[in-house]
Amino acid sequence: MIDALESWLRTAATRVHVEAASLTALDQAIGDGDHGTNLDRGFGAIVAMLDAQGPVDPSQPPAAAAADLLRRAGRTLISTVGGAAGPLYGTAFVRGAGALANGATASPAEAFVVALEAACGGIAGLGKATAGEKTMLDALLPAAAAARTALDAGGDSAAVTAAAASAASAGMEATIPMLATKGRASYLGERSIGHQDPGATSAALLLGVLADVARR
Amino acid sequence: MIDALESWLRTAATRVHVEAASLTALDQAIGDGDHGTNLDRGFGAIVAMLDAQGPVDPSQPPAAAAADLLRRAGRTLISTVGGAAGPLYGTAFVRGAGALANGATASPAEAFVVALEAACGGIAGLGKATAGEKTMLDALLPAAAAARTALDAGGDSAAVTAAAASAASAGMEATIPMLATKGRASYLGERSIGHQDPGATSAALLLGVLADVARR
Amino acid sequence: MATNAPSRMKKLINQVESIVPESLAGLAAAHPEVVKIDAANNVVLRAGGPRRGKVALVSGGGSGHEPLHGGFVGLGMLDAACAGNVFTSPVPDQMEAATRAVDGGAGVLHIVKNYTGDVLNFQMAADLVAGDIEVASVVTNDDVAVQDSLYTAGRRGVGGTVLVEKIAGAHGEAGGSLADVTATAVKVNARARSMGLALTSCIVPAAGTPTFELGDDEVEVGIGIHGEPGRRREKLAPVDDLAEWLVEPIVSDLGLTRGDSVLAFVNGMGGSPLIELYVAFNSVAKILAGRGISISRSLVGSYITSLEMAGFSVTLLKLDDDLVRWWDAPVHTAALRWGV
Amino acid sequence: MATNAPSRMKKLINQVESIVPESLAGLAAAHPEVVKIDAANNVVLRAGGPRRGKVALVSGGGSGHEPLHGGFVGLGMLDAACAGNVFTSPVPDQMEAATRAVDGGAGVLHIVKNYTGDVLNFQMAADLVAGDIEVASVVTNDDVAVQDSLYTAGRRGVGGTVLVEKIAGAHGEAGGSLADVTATAVKVNARARSMGLALTSCIVPAAGTPTFELGDDEVEVGIGIHGEPGRRREKLAPVDDLAEWLVEPIVSDLGLTRGDSVLAFVNGMGGSPLIELYVAFNSVAKILAGRGISISRSLVGSYITSLEMAGFSVTLLKLDDDLVRWWDAPVHTAALRWGV
Ligand SMILES: Nc1ncnc2c1ncn2[C@@H]1O[C@H](COP(=O)(O)OP(=O)(O)O)[C@@H](O)[C@H]1O
Ligand SMILES: Nc1ncnc2c1ncn2[C@@H]1O[C@H](COP(=O)(O)OP(=O)(O)O)[C@@H](O)[C@H]1O
Ligand SMILES: [Mg+2]
Ligand SMILES: [Mg+2]
Ligand SMILES: [Mg+2]
Ligand SMILES: [Mg+2]
């Protein structure tokens, strides 16, 4: 599990770096043109943190080790990303880590669903946003719901993360016609309609990478 | 004579207004892009001065009347043009007026030559420039010399002003290969070579108009 | 087509990554008697601080708005400013470091411009020092271009923030308590309104291209300070009209009436020269005179900017005697100085 | 192609013809305690002048360089400034009116930037008051980009002019005689050198198009302050290199050596934001430190500009104790203020 988590973070960092310019371009349209740069800086810091860390303590139970790693990744985002996305993604990771730590006995698939739900709760609580406000939540909430359904249907972690990923990218596309009522895009009022939300896009990207990793 | 002088000033004002943009364009290349605007403002003020003036006092001798008008035109340039061209052209007019006043008995042709020579002297004295420094003098000095030659050959005012005008435009074109050593263009050093001097261009324009007027 | 601009990013920089630290180093090198830099955290600190027993004022935000905020650190204004990356709010670690560095035992006031990122990061920083240091926060939201409704993140903090920092800073310098200084900051924010427009976009260094495209004859009205597009686009018009577009919504939102006295602040967005800003101030003065509103204090210059954006904003602060007294009080920062 | 600029003139103005008078009116409206305007002559006068028995300082030149000169009228600096049309020196009538308006019986010093137009018009104005008022003139010529030779009109007056006005103004405020104040102005000019470069051209309003075209990756090195082209064109480079191109000729022309102490002035040309100017100042500070030259005073900002041109200039003044004392003396103008 810890290996899957680490390879998710490393692969995500690579993908974020590749997509940084296009994420920033989306943010130029309805924001201030820094979302890709911000996340690229944060995930670069996570990779540096991973490279610096010593070997995992074998005595530590796997769920605790994974929770610990995810928490440190969240803290790194909070300390390096800035803007709105830093606290939001950082808190999401930290809350997800908390869920992992509690659900020590859960299957990988169930642990993921619980962590994703906790992450959504963290973002919604901090950002005071709900579904339909043209934010990252519009990718993440449908993803969590789809993952839960797949889990209830007996799906393994590959199936559950795949369900989450496709729901996230559908949710991402669904932000295009939305009127933004949170974040910078809300300043544009009607002019925010017709543009895809950068945060929803990065959220779908992160879940897409997770599904790829889980499929291996 | 006074009528010829007034129609020269009025026609010159019209031509300067028409050519203002191209004079300014020349000044953009090797100066600061205001020569046309400056002269247009000055000659516009001369026209306003002419419109405002009462009828010429009939008791005043024609040479004195012409000198007086030319002096007021020069003062107007000094008070409205600014930059280098304002004092230089203004002084030229004032000195020319002085020459007219002294040469009360001279023929129109002779009076013009004497006035043009005095004008050159005024510009050279104030601007400390000599031939070949890429200034208005490179149009005016050859013009004065050609006018004097035409006068000695018995030319009338039409012939004399025509000689001055063609020498001035030849002198204007001759400024293109010159290296500027006076005025703003001198800051460009070698880069001033290959551009026609705006002041020489406006000087040729003024003498060209005078020749047209004298031909009538 | 006559253009007066590079078609690619042209800036006085070494590398994109080093702009903020090098600019802060330049600030400290130019004003060693006023500020020092915590280079590890990109925090500008008042020289000779912390001051025991004095309420400390901390602000911060994305870079690209200079002189805001670092240029306002010094006597009678801020004790510290946190510099984020260009247009990106700083991280909680920076605000925590600044807050701990300036605490003089009398509490610390966080002055936060109302943007989701700034609000969330300052909030996290306050949590990090909770228990150790008493922290109060004021969120500035003076931009009338944004409706303050359920349908937005609320009005943005723009030009009024400069006035909050000056006036609350003066109250802090005079020994006001955390509650008093906070109340003054809240009062200034409540009586200040702003609106801005842009003649050009600006280029975020890391992005390398303009944040928005604007037609040759268009102005973007109702912009913020991050190069974000505004509320609407209009055809370029005489500055008397542009000023009217900005002043009218401010006057009506503030409910200013004949006889009221204001501080009028005409701010340049970074690329508009002073000759134009004074022409714009003249337009604003004519409009206010026509409405019987008197300008008893004024500020003209580029104090809260969007990189090299051309354009201007207008901020009006409804004055009373206290506010005038605090405004006139001595200030010694890199960007604002008088009385000392 | 990502461009961040209008392809036609976009300025905060009403009409081209009214820019100068409206900008002066705005200056007076914003700073009534500092200046008043002689609108008939486009002259900025110190409020409450003339001062009996005080040597009066008068400067002036084309507009488009704001805050120079009108922004430097006030206590401890200029008594009057004559504003010509954009980039066109004022006419003698203006300088005459200014000189007569400020004369306090102790004589008047004309501070003239070395451009043919300015020199000739100030000279004519001096002739017009000769006999009535004692006038002395100082011609500033600190621009090392121009060789001071028979082959030029001589070095241009640029950034050093600001320092001459501040320091001679302080001596005048302190009651120096016309001869003393003139000597101080001459001394500052002799010890100051400048050089500038441009990242963009600028648009003279009456012309409506940029004075010169510059490639996307080019910088114009050795520019003056009238948007005129410079001495040479280079490829855009890191600001550390750009600063070296400016500082090296200044240092060698002034013959600065290890241990010398200077005032370092990094000036913006009008369109370059403060974040970049501080990055540039940091480069200059590194270069001087490397040469063992210490910066004991500094000035960073857009004080002598070319409309909206992007770029910067560096001015170094070799200091001595007198110059430091005059520099530190109180000044209260629209653009420079301290000690009061
Ligand atoms: N209140 C909020 N709740 C949830 N997500 C938000 C909120 N505000 C902004 N976001 C997300 O953050 C994204 C912007 O992130 P970023 O550009 O990095 O920050 P900033 O807007 O501060 O520049 C938006 O696209 C949106 O998805
Ligand atoms: N010292 C001088 N002697 C004679 N003519 C001069 C001198 N300096 C400049 N000029 C003329 O003045 C012209 C520039 O006039 P203008 O652009 O109106 O003034 P400015 O250079 O002050 O902007 C030049 O083209 C040149 O012909
Ligand atoms: Mg953003
Ligand atoms: Mg010119
Ligand atoms: Mg941002
Ligand atoms: Mg000129």
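Note: hydrogens, waters and symmetry copies are ignored here, and every other heavy atom, side chains too, is used. Below, read A as the first sequence line, B as the second, and so on, with proteins coming before strands; counting in each chain starts at 1.
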Peer 1: I need the Lys10(C) NZ to Ser272(D) OG distance, nearest 0.5 Å.
Peer 2: 10.5 Å
Peer 1: Any idea which heavy atoms bring Tyr278(D) and Ala30(C) closest together, and the distance?
Peer 2: CE2-CB, 3.9 Å
Peer 1: Can you pull out the residues in residues 333-340 of chain D with any heavy atom less than 4.5 Å from chain C?
Peer 2: Ala334(D), Arg337(D), Trp338(D), Gly339(D), Val340(D)
Peer 1: How far apart are the closest heavy atoms of Asn14(C) and Pro238(D), and which atoms are they?
Peer 2: OD1-CB, 3.3 Å
Peer 1: Which of residues 239-246 of chain C get closer than 4.5 angstrom to chain D, counting heavy atoms alone?
Peer 2: Val239(C), Asp240(C), Leu242(C)
Peer 1: Can we call the ring centroids of Phe281(C) and His31(D) under 6.0 Å apart?
Peer 2: no
Peer 1: Which region of Leu24(C), side chain (C-beta onward) or backbone (N, CA, C, O), has a non-hydrogen atom less than 4.5 Å from a non-hydrogen atom of chain D, or is it both or neither?
Peer 2: neither
Peer 1: Contact part of Ser283(C) toward chain D, heavy-atom cut-off under 4.5 Å: side chain, backbone, both or neither?
Peer 2: side chain
Peer 1: Mind listing the closest non-hydrogen atom pair of Glu308(D) and Gly271(C) along with its distance?
Peer 2: CB-O, 4.1 Å
Peer 1: With sequence neighbours excluded, what pairs up with Glu165(D) under the salt bridge (charged side-chain N to carboxylate O under 4.0 Å, His left out) test?
Peer 2: none
Peer 1: Does Asp328(C) have any side chain to side chain donor-acceptor pair (under 3.5 Å) partners at least two apart in sequence or in another chain, and if so, which?
Peer 2: Arg297(C)
Peer 1: Quick one: does any side-chain atom of Glu276(D) pair with a main-chain N or O of Leu12(C) as donor and acceptor, under 3.5 Å?
Peer 2: yes
Peer 1: Under a 4.5 Å cutoff for heavy-atom pairs, which residue among Gly71(C), Ala264(C), Gly26(C) has the most contacts with chain D?
Peer 2: Gly26(C)
Peer 1: Which atoms form the tightest heavy-atom contact between Leu274(D) and Glu66(C), and what is the distance?
Peer 2: CB-CB, 4.0 Å
Peer 1: When only pairs under 4.5 Å are counted, which of Gly70(D), Ser63(D), Ser23(D), Ser18(D) shares the most heavy-atom pairs with chain C?
Peer 2: Ser23(D)
Peer 1: Which heavy atom in Leu236(D) sits nearest to a heavy atom in Met9(C), and how many Å separate them?
Peer 2: CD2-O, 4.2 Å
Peer 1: Minimum heavy-atom separation for Ala285(C) to Ala29(D), with atom names?
Peer 2: CB-CB, 4.3 Å
Peer 1: Mind ranking Leu299(D), Leu307(D), Asn282(D) by heavy-atom pairs under 4.5 Å with chain C and telling me who comes out on top?
Peer 2: Asn282(D)
Peer 1: Mind checking the CD1-CD spacing from Ile275(C) to Glu22(D)? Nearest 0.5 Å is all I need.
Peer 2: 10.5 Å
Peer 1: For chain D, which of Gly311(C), Pro273(C), Ser298(C), Pro330(C) has the most heavy-atom pairs under 4.5 Å?
Peer 2: Pro273(C)
Peer 1: Counting heavy-atom pairs under 4.5 Å with chain D, which one of His332(C), Lys286(C), Met269(C), Glu218(C) comes out on top?
Peer 2: Glu218(C)
Peer 1: Give the member of Lys11(C), His65(C), Glu33(C) that has the highest number of heavy-atom pairs under 4.5 Å with chain D.
Peer 2: Lys11(C)
Peer 1: With only heavy atoms counted, which part of Ala310(C) is less than 4.5 Å from chain D, the side chain, the backbone, both or neither?
Peer 2: neither
